[in-house]
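Only one structure is covered here, and it is reproduced in the block below.
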Amino acid sequence: MSAELVQFLLAGITLGAIYALVALGFAIIYNASHVINFAQGEFVMIGGMAATAFVDSGLPLPLAAAAAVAAATLVGLALEKLAVEPARNASVVTLIIITIGASILLRGLASLVWDKKIHSLPAFTGDKPIAIGGATLLPQTLWVLGATVVAVAALWWFFNRTLTGKAILAVSHNHLAARLMGISVRRVLMVSFGLSAALGALAGILIAPISFTSWDIGVMLGLKGFAAAILGGLGSGPGAIAGGLALGLIEALGAGYLSSAYKDVFAFVIILGALVFLPNGLAGRRAAERV
Amino acid sequence: MLLRAENLSKRFGGVAAVQAVELAVESGTVHSIIGPNGAGKTTLLNLLCGIYEPDAGKIVFGEEDVTGYPPHEFASAGIGRTFQNLQIFFNMSVLENVMAGGWLHEACGLAAALLRPPGLARAERRARTEAGELLTFVGLERWAGSPSDGLPYGALKRLEIARALAARPKLLLLDEPAAGLNPTETREIDQLIRRIAERGITVVLVEHNMKLVMEVSQRVLVLDHGRKLAEGEPAAVSQDPQVIEAYLGVEAC
Amino acid sequence: MSRKGFAVLALVVALLPLALTNNYTYEVAIVVGLNAIVCVGLNLLIGYAGQISLGHAGFFGLGAYGSAILAARYGWPPFAALASAVAGVSFIAWVIGKPVLRLKGHYLAMATLGLGIIVAVVLATEDQITGGPDGMAVPPLGVASFVLQGEKLWYWIVGAVLLATVWLALNIIDSPHGRAWRALHGSEVAAGAIGIDPARHKLTAFVLSAASAALAGALTAHYSGFITPAKASFLHSIELVTMVVFGGMASTFGAVVGAAILTTLPQLLTALKEYEMVTLGAVMMLTMIFMPQGLVPTLEKALAAARRKPE
């Protein structure tokens, strides 16, 4: 394998891990509520921007990161409580507009609370590249991959081993049956929005030292996360991870070998092809229509 | 024979919903399909109007092999239907629901629709009158201008029938038209089915109400577990010991 | 209702210049009209046929750049360039609509937004032809030496095109085709059972809405004399959908009112330029939460209820 290819693959996996975290956020909310949360990308932005602001104000990095995740989680909970819950029975189009409105609102607020400049977060453990077989690896890449693996493992544990996690799965399978079993659907919605926001913020903090952050990075990250979630089969956790990694790799290889100007396009070309030719996603299921 | 289904089968995953069913519907009759819950009645109906494609077997309508046609081509061949779980166009008025049913007979070019030449305006007036007549036929004339989401349940059932009739079907599939209706409303449906048959429209009726089935049908097909259990005249079928055991024995009340 | 509504709209278009005092207000009115043309078309797709599109700015951009490139780079007469661009975009919509409209709900939303983004990136990247992110100059509309210029003239052009678009839209909505769209929106299975081919009717709504977006795009390009890829962006697609939904889905006049309010609002709020995004986002959320049917249908219902009461 050429060093160049290794370099592109590393970049792709890093990017893919971030997309996977965003896609998992889409999947969790979709499962609990059948809402596609177009504001998902803003959680990523809030994570990165808030962490940067906290570090600038003198907090040590771990504390700043924790505070940023907490801030994004609060925003996620507020979004659910104030915007999604009052419109529970609205149509798909209505909910799409509400969450897009929320994303524009959050972006506007970010530009007011912070600014419209580009920020960067210091790397967690230095910038000294590690050489592997001609390619170089930033220590931050290891942080991205490591933290993603830990987050995925924690999610697995949460959904399979805790009562709240199982309740969310129950609600995603059947709202009514879950309610009859005494599960509070409203609480499940709150938890899933909070969890998705936290995941998004984590992604934003992890990537900020590598690709910088600013008030408007959420749009593309959100849309690509959505594309990854759909590629993997909407609502499937493993699918979201596979979809995210696939998109990251396609984007890095496409940008490396084909055209870097079109790097944002590859994801959408692939997703269009997948939607038209692979109606069930890479790993997922698509609800069959019932008559 | 107006409709012939040969060796019709449909599976969902591991469940054989309909297995090798044969059905021959004679023109001008009311042909009922009965059977316990889960016998495959609605699946069979969905096969007969193209909503499901059969895994095996074929469907011949008149002289035409319609197997594998999409639903709208079943409709243009002359097979109409109503839905058990009400599929009303709630975004339209009652009259517009019926006018929409006339699409096949009022189809116009896109240019005409955009420019509305006098010919189309005349066709529209005619369609409006015909839809009004159909509403009178099913007894909904006083609701014509109302939004359809304000109608009571029984009226919606009849609206489904009026809309299906607007497509001028040769064969009308009725999926439990009396389900959820009170005895008076059920009698009205009974009358309505007879009057539809008098118009020369062949009817295939899926229904749970045995009294209704026995009164209006010329032939009855009994399904059980997706298979044909018996078929014949209502009186004969209701005496069939197999049928009594599988079906009437449980639900005769 | 629709005949009366059309008369009212024509009257508003005819009398509005009395209230327009300077070039700037004319300009705002022209942009309102151009956006309204897109929204009336888009409403056929979203409001009547019930199919979402989050990529219509792509068609707007293709119409604008198509006409601009034919006129500026290839020296076509501007009117021929405009007509060819609209026809070309309609054809593109027809070709891609076929596979894409098989998708439903969120999948359709994803596909259309993907298409829009691809168009926007291509327009920004192929700078040899399009001028890249900085945009390109567009020759004015005209025949031979007669050139259509000036805010007042353009006001009447856009007003006339808007009225024509509304008239065509009202006709088709009240025709068998319009009923077929609403039938699909109401219940796709039931529509199939009365002989309506879902694929065909979704496609006609998609092509007509793309054509109106392309027409408004091409007019915008020639009117302003300049075009940038921002007009094809995801955000512009969202603004267009928001206008339709804010004004009221399945209401042609709602689409016009939605375009008018959401185009003028930011102009009125120029003092609050910093808060423009916050305001837009808040307006989108609040209308959808408290008036999910949109402005015009909600007002119509309230009026009807008020009229019924005195009896």
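Letters A, B, ... are given to chains in the order of the sequence lines, protein chains preceding strands, and every chain is numbered from 1.
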Side chain / backbone / both / neither for C:Ile238 at chain A, heavy atoms under 4.5 Å:
side chain
Could you have a look at A:Ala87, A:Pro86, A:Gly108 and say which one has the most heavy-atom pairs with chain C under 4.5 angstrom?
A:Gly108
Structural part of C:Leu235 lying under 4.5 Å from a heavy atom of chain A
side chain
For A:Phe266, is it the side chain, the backbone, both, or neither that has a heavy atom closer than 4.5 Å to a heavy atom of chain C?
neither
Could you measure the distance from the OG1 atom of C:Thr125 to the CG atom of A:Asp264? Nearest 0.5 Å is fine.
9.0 Å
Is there side-chain contact between A:Leu109 and C:Val278, with heavy atoms separated by less than 4.5 Å?
yes
Part of C:Phe234 lying under 4.5 Å from any heavy atom of chain A:
side chain
Taking atom OH of A:Tyr257 as the centre, does the number of heavy atoms from other residues, nucleotides or ligands within less than 6.0 Å exceed 12?
yes
Kindly determine whether C:Arg102 and A:Leu275 satisfy side chain to side chain contact (heavy atoms under 4.5 Å, CB included), including the steps that lead there.
CA-CA 10 Å; C:Arg102 282 204 302 254; A:Leu275 282 173; over 6 Å; no
Chain A contacts, top residue of C:Glu274, C:Met249, C:Met288 (heavy-atom pairs, under 4.5 Å)
C:Met288
In terms of heavy-atom proximity below 4.5 Å to chain C, should A:Ala90 be classed as side chain, backbone, both, or neither?
neither
Looking at OG of A:Ser111 and CD of C:Glu276, how far apart are the two atoms once the value is rounded to the nearest 0.5 Å?
10.5 Å
Within 6.0 Å of CZ in C:Arg73, more than 12 heavy atoms from elsewhere:
yes
With a 4.5 Å heavy-atom cut-off, do C:Tyr107 and A:Leu234 have their side chains touching?
yes
How about C:Met277 and A:Trp215: do any of their side-chain heavy atoms sit closer than 4.5 Å?
yes
Counting heavy atoms not belonging to A:Tyr262, are there more than 12 under 6.0 Å from its OH?
yes
Least distance between heavy atoms, A:Ile230 atom then C:Met110 atom
CD1-CB, 3.6 Å
Quick one: of A:Leu112, A:Ile271, A:Val92, who has the most non-hydrogen atom pairs under 4.5 Å with chain C?
A:Leu112
What part of C:Ile118 lies closer than 4.5 angstrom to a heavy atom of chain A: side chain, backbone, both or neither?
both
Counting only heavy atoms closer than 4.5 Å, note whether C:Leu113 contacts chain A via side chain, backbone, both or neither.
side chain
Nearest atoms (heavy-atom pairs only) where C:Gly281 meets A:Ile104:
N-CG2, 4.0 Å
So which part of C:Leu54 gets closer than 4.5 Å to some heavy atom of chain A, the side chain, the backbone, both or neither?
side chain
Okay, C:Val122 and chain A: the region with an atom under 4.5 Å from a heavy atom over there is both
Residue part contacting chain C, namely of A:Leu272, when any heavy atom lies under 4.5 Å
side chain
A:Leu82 atom CG: more than 12 heavy-atom contacts under 6.0 Å:
yes
Contact part of C:Val121 toward chain A, heavy-atom cut-off under 4.5 Å: side chain, backbone, both or neither?
both
Could you report the tightest heavy-atom contact between C:Pro292 and A:Thr94, atom names first, then the distance?
CB-CG2, 4.3 Å
For C:Phe60, which residues count as a ring pair (Phe, Tyr, Trp, His ring centres under 6.0 Å) partner, sequence neighbours excluded?
C:His236
Atom pair CE (C:Met285) and CD1 (A:Ile97), whose distance is rounded to the nearest 0.5 Å:
12.0 Å
So which part of A:Val84 gets closer than 4.5 Å to some heavy atom of chain C, the side chain, the backbone, both or neither?
neither
Worked check of side chain to side chain contact (heavy atoms under 4.5 Å, CB included) between C:Thr242 and A:Ile100:
CA-CA 10 Å; C:Thr242 308; A:Ile100 291 178; 6.0 Å; no
